[in-house]
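Below is one structure, written out as structure tokens, with a few remarks after it.
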Amino acid sequence: MANWLFKEEPDHYSFADLERDGTAMWGGVTNSLARRNLRQVRRGDKIFFYHTGKEKAIVGEMRAVTDPGPDANSDDAKAVVVEVQRVRRLPQPVLLKRIKADPLLADWDLARLPRLSVMPVSQAQWQRVLELSGKESS
């Protein structure tokens, strides 16, 4: 099982929307590296939900319900989607500025590649984010 982080603009689709809906199809990824990452997600993988825009914070946890599949709503043959399910809202959002200031997280793709919308999360990074959010482990 792998860990991931997916980014979304909360004005477009927020963690509150996922809490209401329970599950969602995650797609619309056009960046080639992010798309490559999305194709590697597998059913059961854990995923952080990150709000972009003004908020810039990891706010919740999701789980992949399906492996990647073709995006039926796209004309792009390379487009893929993954169904995700809400797991929990983090006790406290973990702000990007806090991540960048943390020695254990400063070299993470989240801090270095701001335009990347789907990225891997190491187990050590996952645990550190949970610690920063006020939760011991997942």
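The residues of the chain are indexed from 1 along the displayed sequence.
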Side-chain donor-acceptor pairs of residues 110-117 under 3.5 Å, sequence neighbours excluded:
residue: Arg112; atom: NE; partner: Asp107; partner atom: O; Å: 3.0
residue: Arg112; atom: NH2; partner: Asp109; partner atom: OD1; Å: 2.7

[Y] and [X], any side-chain heavy atoms less than 4.5 Å apart:
X      : Y      : value
Glu83  : Trp26  : no
Arg42  : Met1   : no
Val118 : Lys7   : no
Val59  : Tyr50  : no
Glu8   : Ser14  : no
Leu18  : Phe49  : yes
Arg98  : Leu132 : yes

What verdict does the side chain to side chain contact (heavy atoms under 4.5 Å, CB included) test give for Val81 and Asn73, after you've listed the backbone C-alpha separation in whole Å, the side-chain angles of each residue and the deciding distance to 0.1 Å? CA-CA 10 Å; Val81 294; Asn73 296 320; over 6 Å; no
Would [X] end up clustered with [Y] when hydrophobic side chains under 4.5 Å apart are linked, directly or stepwise?
X     : Y      : answer
Val80 : Val84  : yes
Leu90 : Leu96  : yes
Leu33 : Val29  : no
Ile47 : Val121 : no
Val41 : Met62  : yes

May I ask you to decide if [Y]'s main-chain N or O and [X]'s side chain share a donor-acceptor pair within less than 3.5 Å?
X      : Y      : answer
Ser133 : Pro93  : no
Trp108 : Pro120 : yes
Asn37  : Ala34  : no
Asp21  : Ala24  : no

Interatomic spacing from [atom1] in [X] to [atom2] in [Y] - rounded to 0.5 Å:
X      : Y      : atom1 : atom2 : result
Lys100 : Lys97  : NZ    : NZ    : 11.5 Å
Asn3   : Gln123 : CG    : CD    : 5.0 Å
Asp102 : Glu131 : CG    : CD    : 9.0 Å
Arg86  : Phe15  : CZ    : CZ    : 5.5 Å
Thr66  : Met25  : OG1   : CE    : 5.0 Å
His12  : Thr52  : NE2   : OG1   : 10.5 Å

Sequence neighbours excluded - salt bridge (charged side-chain N to carboxylate O under 4.0 Å, His left out) pairs with any residue from residues 70-79: Arg35-Asp76
Electrostatic pair Lys46-Glu61, nearest N-O below 4.0 angstrom: no
Can Trp4 and Asp45 be counted as having a side-chain donor-acceptor contact under 3.5 angstrom? yes
Nearest heavy atoms of Gly53 and Glu9, plus distance in Å: CA-OE1, 3.5 Å
Heavy atoms from other residues, nucleotides or ligands near CD of Gln92 exceed 12 (cutoff 6.0 Å): no
